[in-house]
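Notes follow the structure.
Numbering of ligands and ligand atoms starts at 1, following listing order.
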Amino acid sequence: MCGIVGIASKRQDVENDILNTLANLEYRGYDSAGIAVLKNNNILCKKVVGKINDLRNLVSDVDLSSSIGIGHTRWATHGAVNTLNAHPHFTENIALVHNGIIENYDEIKSELQKEGYVFKTETDTEAILFLIDKYISKGLSPLDSVINSLKHVVGAFALAIIFKNYNDLMIGVKKGAPLVVGKSDNHVVIASDVTSISKIVDDVIYLKDENIVQIKSSEIELFDTKGNPIKAEFTKVQKSLSNDINKNGYSHYMLKEISEQPMVIENLNSNYNNIIEIINEQKLDIYKKIIIVACGTSYYAGLVAKYWFEKFTTIDCMVYTASEFCYLKKRLNKDYLVICISQSGETADTLASLKYSKSLGVKTIGIVNVPKSSIDNEADYCFYTFAGPEIGVASTKCFTAQLTVLLKFILGLAEINNETDHDLISKISYELSSINDKINEVLSKQSLIAELAEYCAKFKNAIYLGRQNAYPIALEGALKIKEISYIHAEGYSAGELKHGPLALVDENMLVVVIANSTSEVYLKTISNMENVIARNGNVIIISDKKLDIKNVKQFVMPSIIDDLTPILYAIPVQLLAFYVAKEKGTDIDKPRNLAKSVTVE
Ligand code: F6R
């Protein structure tokens, strides 16, 4: 999704820090970029379709030196990818960058057209641009112009605005999309996330929804949307964040993040060894109905959790994709606990589901990787996944981190409620504490996965199969490979194959089978695989049991208790997707059309 930055400085070289911050925001996903500065009290704006490096090239011989400016990475929502639609947008009076959506832009546009405004782009952004411009032209102050404009606007968005003739003034607005304000001795900075500015600021304010920030001669003032002042609360910036966004010698963020999983799981094992205390303190053991809401990979973590809830507890667990749940209008009451899983903590659908649940008085908890994100702020309680920044668009370490937190939580509930044999809980907990030896073994054999990937890359279609707790891993494997290698892939529960998808299987179909031999349905999965072999499908099996079947390729896994299959078997499916994408030469960390933080519904 779009990334925004605005910098007001005591120095005259904001353009460099704006471009560097935009490079740090690249991971969010974008298709065009731009920068605008105030130069001799006039707005100077440059935009490109393409990457930040293209923008750097474009401005390399333009004098953008200034003490104030804004920048943007655009992930197209309204209007084609072109320089006209790219941000910043500007008028004679103002320039602004925008992340999110102005839902009623059409209505505002019609009104403003009647007043003579000529819309040139296909974006929703021009509506708020001209609205603010209108109030400035009427003689209102910049702050009053913004406050008045916000009264007309519906949607979830964040803005950074600079004003002609005010070379020391910048205004930011947070309304449903992320925005932070940072400061150092030289700079005051507005940005979409703290990681992108951690090198250039020392303290940060995590803005709340409906906050307006005015930066005037380096002074930071906060207001609500009625213009009432609000006290600013600063937090020290963790300087290590800027190291976490380096590739540390890896070719890709995705590979780095896959490799970090042992460290992440080790941290979680120690950070949550007090899970029973948390459950007791938060009174989370009283619920018999749990609803999990999430999107994409985080949703698949929820699907795994359902298997664990059903096996280890008597809790009824329902799992929904957030975009469906928030409009289902399910009749929730205080008997329900709603768990929202989100790496970014900003996913608009998940956030909307959380707000809906809260509006019915339901207790909500989040499982997020980004502290101070919107879901962290809104939920009654949040479990952090402590995985460090995840930059690759395809989620990897946060998926296994979510699974680890969920399993520890579910085993904690089972223990408190005395619903599972204590020895089994101890055995699983013990195996979880030593799972890293097995993950490291898989990571050490990745050259074998790279060889398999060479074979897989020639296929146009793939089916991933698994049963029981391996079924969500089949879904996740298919999602990973499709999003970064663009091979069409679908995950099925292996038992469903004969009810339709088998019709697709022939000598052109790749079929990846996930089968841990410690599962009670292992032999059934193997039978389902035989159905594929009989129809000339091209099978790769990921399993701990060495098989010798003609034309079947295999990646041999370490042996593990079946309950931990989802965590361990996630690793080879991530690696397979990575190496297939590498083989195909795609932009692995920034796959086409996708965004890391999906802040629009
Ligand atoms: C896939 C992927 C996405 C996200 C989804 C939810 O690799 O990363 O499917 O899982 O967009 O994002 P979060 O977890 O930030 O809510």
Side-chain angles (χ1 to χ4, degrees), residues 1 27-29 75 156 177-178 192-193 195 252-255 257-258 261 292-305 319-326 338-355 365-379 382-385 387-403 405-406 464 472-473 475-487 489 491 570-571 573-578 580-581 586-601:
M1 297 278 110
Y27 77 94
R28 294 168 67 84
W75 186 82
S192 294
D193 71 33
T195 315
H252 295 82
Y253 283 112
M254 183 176 175
L255 191 57
E257 287 156 8
I258 290 174
Q261 289 174 104
I292 297 182
V293 188
C295 302
T297 290
S298 299
Y299 167 70
Y300 296 148
L303 289 185
V304 172
V319 190
Y320 293 93
T321 53
S323 52
E324 289 301 310
F325 179 79
C326 56
V338 169
I339 302 179
C340 292
I341 310 174
S342 174
Q343 179 282 127
S344 60
E346 298 294 349
T347 301
D349 293 315
T350 312
L351 185 59
S353 303
L354 174 62
K355 287 182 178 166
I365 63 172
I367 298 183
V368 303
N369 194 46
V370 183
K372 310 273 186 199
S373 56
S374 301
I375 290 179
D376 183 19
N377 289 340
E378 287 283 335
C382 243
F383 289 104
Y384 296 138
T385 45
E390 191 180 64
I391 309 289
V393 163
S395 186
T396 52
K397 62 177 177 175
C398 287
F399 178 61
T400 46
Q402 289 163 351
L403 292 179
V405 171
L406 283 160
Y464 278 63
I473 303 306
L475 294 169
E476 171 62 1
L479 178 65
K480 281 290 90 99
I481 202 164
K482 83 176 92 167
E483 69 176 324
I484 61 168
S485 80
Y486 316 142
I487 289 177
I571 317 291
V573 300
Q574 295 167 351
L575 286 168
L576 187 64
F578 174 82
V580 171
T586 57
D587 191 352
I588 297 180
D589 286 332
K590 289 177 247 131
R592 67 186 181 202
N593 305 339
L594 298 181
K596 183 69 184 163
S597 183
V598 186
T599 49
V600 295
E601 282 191 42

(message) Walk me through whether Gln261 and Thr400 qualify under side chain to side chain donor-acceptor pair (under 3.5 Å).
(response) CA-CA 7 Å; Gln261 289 174 104; Thr400 46; 2.6 Å; yes

(request) Verify whether one side chain among Asn593 and Tyr486 offers a donor that lies under 3.5 Å from an acceptor in the other. (result) no

(message) If only side-chain N and O atoms count, and only distance matters, is there a donor-acceptor pair under 3.5 Å linking Thr297 with Lys480?
(response) yes

(request) Provide, to 0.1 Å, the distance between atom 2 (C) of ligand 1 and the closest protein heavy atom, together with that atom's residue and name. (result) Thr297 OG1, 3.7 Å

(request) Evaluate the ring planes of Phe578 and His252, with Trp represented by its six-membered ring, and classify them as parallel (under 30°), tilted (30 to 60°) or perpendicular (over 60°). (result) perpendicular

(request) Taking the side chain as every heavy atom from C-beta outward, state whether Val293 and Ile339 have any atom pair closer than 4.5 Å. (result) no

(message) Geometry only, no angles: is Ser342 polar-contacting ligand 1 at N/O separations under 3.5 Å?
(response) yes

(request) Answer with side chain, backbone, both or neither: which part of Glu346 has a heavy atom less than 4.0 angstrom from an atom of ligand 1? (result) neither

(request) Scan side-chain atoms only and decide if Thr385 and Gln343 contain a donor-acceptor pair under the 3.5 Å cut-off. (result) no

(request) Could you tell me which atoms of ligand 1, counted from 1 in the order shown, lie closer than 4.0 angstrom to a heavy atom of Lys480? (result) 1 (C), 7 (O)

(request) Considering the heavy atoms of Val393, write down every atom of ligand 1 situated less than 4.0 Å from one of them. (result) 8 (O)

(message) Looking only at distances, can you tell me whether any N or O atom of Gln402, backbone or side chain, sits closer than 3.5 Å to an N or O atom of ligand 1?
(response) no

(message) Which of the numbered atoms in ligand 1 are under 4.0 angstrom from any heavy atom belonging to Thr347?
(response) 12 (O), 13 (P), 15 (O), 16 (O)

(message) Only heavy atoms of Glu483, strictly under 4.0 Å: list the atoms of ligand 1 that pass.
(response) 1 (C), 7 (O)

(request) Starting from atom 11 (O) of ligand 1, find the nearest protein heavy-atom neighbour and note its residue, name and distance. (result) Val598 CG2, 4.0 Å

(request) Write out the residue and atom name of the closest protein heavy atom to atom 5 (C) of ligand 1, then the distance separating them to 0.1 Å. (result) Cys295 O, 3.6 Å

(message) Against Tyr464, only a single residue in Leu475, Leu576, Ile473 fulfils side chain to side chain contact (heavy atoms under 4.5 Å, CB included); can you say which?
(response) Leu576

